[in-house]
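Take a look at the structure set out below.
Model, not experiment: these values are computed from the prediction.
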Amino acid sequence: MSATTPAVPLGVWLADLDDTRLIRLLRLRPDLTQPPPGSIAALAARAAARQSVKAATDDLDFLHLTVLDALLTLHADTAAVTFADLTGALGERADGDALAEAVDDLLDRALVWGDRTAPGVLRVAAEAASGLPWYPGQATLESSAVTRTELASRVEELDPPARDLLDKLVEGSPVGRTRDAMPDTPADRPVQRLLAAGLLRRLDTDTVILPRLVGQVLRNEVPGPVSLSRPDPTVSTTKASDVDAVAAGAAIDLLREVEIVLDALSTAPVPELRSGGLGVRDLKRLAKLTGIEERRLGLVCEVTVAAGLAAPGMPEPDPADGNGPYWAPTVAADRFIESPTAVKWHLLVKSWLDLPGRPSLIGTRGPDGKPYAALSDSLFSTAAPLDRRLLLEILAELPPGAGADADSASQAAVWRRPRWSARLQPEPVADLLTEAHALGVVGRGAVATPLRTLLTGQDDDAVIAAMAKVLPPPIDHFLLQADLTVIVPGPLERALAEQLSAVATVESAGAAMVYRIDEASVRRALDTGKTAGELHALFSRHSKTPVPQALSYLIDDVARRHGQLRVGMAASFVRCEDAALLAQAVAAPATGQVELRLLAPTVAVSQAPINEVLAALRGAGFAPAAEDATGTIVDLRSRGARVPAPGRRRAYRPHPTPTDQTLGAIVAVLRKVAAAPSSGMRLDPAVAISELQHAAHHQESVVIGYVDPAGVATQRVVAPINVRGGQLTAYDPASGRVREFAIHRVTSVVSADSG
């Protein structure tokens, strides 16, 4: 060691920091504010505690963790070392500027304290070892000269005794004690052969350790990280405009599928499992009904529910069997369907980013052998939103148009968050990339412009505007074919899409959708009140190709027969200008269930509801139309089932971030306590009441000493509101809410504005 300047304790070092650096520390380590520390000594003790250190190292990259590793290797947890010592320990691997920046960041987090500049010395938190995802020294001392391929080859050549020894170290601690580690042990012993092959490393004559890279080979994990420089995950480059076009197309497909799922659930709500979620068989039936592949349907359902567009509940109207709850659209679905495309995309993407679950698990089997059900709590993961944002942030840091694949993105993500490496292997990262492509936030492995806008923290309007800019403009035309199919070469204007959907059925979906027109679809349009003239005008006005004569004949033929029978409400009545046709309808066997009875040659009545009479007549081969009291054709189609509110699924709740006002108040308390003399006397309650009432009347903030029911003493800044019944009601900026404090537990009252 070359340190000559003695190191100061952490508490003394913290006390010497200015307010700006203390606030930065609390911002970087918000757990230190809950509850607010009562003194600098309490802050230092908490900052050095294992739980807090592990939380502080969770989001550190490989460079920062390697610095901690090197300092522990230099025993900086018990003695002072210099920055030069640290540089020497890492050798040529470290870039001086990057290393200095990493040390400064660790100083800001109080994981390291002291002075980096000469002749200053550094210390490291003793519990920093608990924050490393490897045994201390494995990142600093172990050589990376042997490639992963060569290590894998050496492992494959091992005999059973040697392999069993390695497997035990992989399953438990990487450190093992054995007498066979002594240099004079026969070379044919398993430990000696593993040491010679570089598959074990000797710590001392009685202890060996499994090298970090060997452990990764045995666990089939991605190689590394080894380099202290951030890896570049770029594997392809393309134009940013092409990326945006691909992402926009994916977004349009997703929105169409969400609306298909909502329509399917509206028509036939799906029962919820007793344990929650959607049954495997129900998911298969829904996939067959919607035409969406099961794995993708699971993602669509998860995002739809996360956005509050569908939920479990008792739908209105009630399903026939009345046993619930059911998965059905919520009342928010109607507003969603009418919203602009960019607004709908924005809602789904924000819901996906915070989705506390892993849709990729749907259909796979868990440790208990049971399949993961869609929309079930078994998919719940608080880490999933963190992993998504990490992946997208890595991609967003690349130049526009630069793309990554699962392997390169996994390596970059593991370097960025070594503590999360088990969750960031190529397979789960590939699942995240698949989701990102499906949501239209990534195209060809590169981040699309709208998501870049979202990740920079711009407001919702800016993100929506960015998406609207890359979406293809709606078109006002389609292409009629001789076989009565309609090709739509892009997204239709909303009103035109509704008109076309009323008279045609989707046959295939995609970038260019294909609709088919037949007798049933034309009759459906006429049932909604459309006339033959309106249908002719629709096709002649919006088709870029000539209207097939067969289509004109079909419309006229169906219209000629449509509505000759008119059904109204008596309970129900049927009228028809053609007495013979009405008599035929009354006598048809298929209408017997509704018991039609002739009142006159052109009028019949029934006690059945109008929908049942319409269904019976259509089942008998007739083409009836519903009418109101004025004789106008009306659309009696069901508007579908709805549930009133989102269900009871668990939501992702990020840790609250204290405001600058709160952090400033906490630091003010620390300064007050440090400056105030300690008398050890408890404040008289009458004096406390008087001072607190004065502060409330003048709307002044005060620093109170307070002992909670557990006997823990703290200092905090509060803004008194009133004092009544032995209770102080005050706004506590540390918690961001109004709280009550028992007066007899208040030990001191000092004005927060006093010097």
Side-chain angles (χ1 to χ4, degrees), residues 250-251 253-266 269-270 272-273 276-278 282-283 286 290 292 294-313 325-337 339 341-363 372-392 428 431-442 450-451 454-455 460 463-464 467 642-654:
D253 286 344
L254 176 75
L255 293 173
R256 175 182 53 78
E257 290 170 341
V258 167
E259 293 189 16
I260 289 174
V261 168
L262 290 174
D263 183 65
L265 294 177
S266 176
V270 178
E272 183 186 28
L273 294 175
L278 198 63
D282 290 322
L283 185 67
L286 190 60
T290 60
I292 305 172
E294 283 185 42
R295 186 177 178 88
R296 182 176 173 92
L297 178 60
L299 171 63
V300 172
C301 289
E302 288 287 337
V303 174
T304 300
V305 171
L309 305 177
Y326 294 84
W327 289 101
T330 66
V331 291
D334 298 307
R335 183 172 62 252
F336 171 83
I337 292 172
S339 299
T341 302
V343 173
K344 292 190 286 189
W345 173 86
H346 180 252
L347 172 64
L348 296 181
V349 168
K350 288 190 67 176
S351 302
W352 170 71
L353 283 173
D354 292 333
L355 176 64
R358 300 189 183 275
S360 59
L361 294 177
I362 296 173
Y372 288 100
L375 304 176
S376 68
D377 285 345
S378 63
L379 304 174
F380 185 78
S381 169
T382 55
L386 302 176
D387 295 348
R388 285 191 200 98
R389 289 188 178 271
L390 172 64
L391 174 62
L392 295 174
D431 291 333
L432 293 177
L433 278 174
T434 299
E435 293 179 17
H437 280 91
L439 267 292
V441 298
V442 169
L451 187 73
L454 189 153
L455 293 178
D460 292 348
V463 178
I464 292 170
M467 187 60 186
R642 293 291 185 271
V643 291
R648 54 188 178 278
R649 299 189 83 206
R650 289 187 287 178
Y652 169 67
R653 294 182 177 87

d(Leu265 CG, Leu286 CG) to nearest 0.5 Å is 5.5 Å
May I ask you to test the Leu392-Val442 pair for a side-chain heavy-atom distance under 4.5 Å? yes
Would you call Leu433 and Leu391 a side-chain contact if the rule is heavy atoms closer than 4.5 Å? yes
Please report the shortest heavy-atom distance between Arg389 and Asp354, naming the atom on each side. NH2-OD1, 3.6 Å
Of the non-hydrogen atoms in Ala306 and Leu355, which two are nearest, and what is the gap between them? CB-CD1, 3.8 Å
Can any side-chain N or O of Glu302 pair as donor or acceptor with the backbone N or O of Leu375 at less than 3.5 Å? yes
Correct closest heavy-atom pair for Ser360 and Glu435 would be N-OE2, 4.0 Å
Could you state the interatomic distance from OG1 (Thr434) to CZ (Arg296), rounded to the nearest 0.5 Å? 10.0 Å
Can you spot which of Val441, Leu254, Ile464 makes a side chain to side chain contact (heavy atoms under 4.5 Å, CB included) with Trp345? Val441
Of the non-hydrogen atoms in Thr290 and Ala264, which two are nearest, and what is the gap between them? CG2-CB, 4.0 Å
Measure from the side-chain N and O atoms of Trp352 to the backbone N and O of Ala307, and report whether any donor-acceptor pair falls under 3.5 Å. no
Under the side-chain hydrogen bond (donor to acceptor under 3.5 Å, both in side chains) rule, collect the residues that match up with Arg295, sequence neighbours excluded. Asp431
For residues Phe336 and Leu255, determine if any side-chain heavy atom of one lies less than 4.5 Å from a side-chain heavy atom of the other. yes
Quick check: closest heavy atoms across Trp327 and Leu278, and the distance to 0.1 Å? CD1-CD1, 3.7 Å
Is there a side-chain contact between Asp387 and Arg358 in this structure, where contact means two heavy atoms from C-beta onward sitting under 4.5 Å apart? yes
Nearest heavy-atom approach of Pro385 to Ser381 is CD-O, 3.6 Å
Min side-chain heavy-atom separation Lys350-Asp460 under 4.5 Å: yes
Here the gap from His437 atom NE2 to Leu439 atom CG, rounded to the nearest 0.5 Å, amounts to 11.5 Å
Atom pair CG (Leu283) and SG (Cys301), whose distance is rounded to the nearest 0.5 Å: 6.5 Å
In the structure I gave you, are the side-chain heavy atoms of Arg642 and Thr330 within less than 4.5 Å of one another anywhere? no
Would you say that Leu348 contacts Leu309 through its side chain, given a criterion of any heavy-atom pair below 4.5 Å between the two side chains? yes
To the nearest 0.5 Å, tell me how far Lys344 NZ sits from Ile337 CD1. 7.5 Å
Nearest 0.5 Å please: distance from the CZ atom of Arg256 over to the OG1 atom of Thr341. 13.0 Å
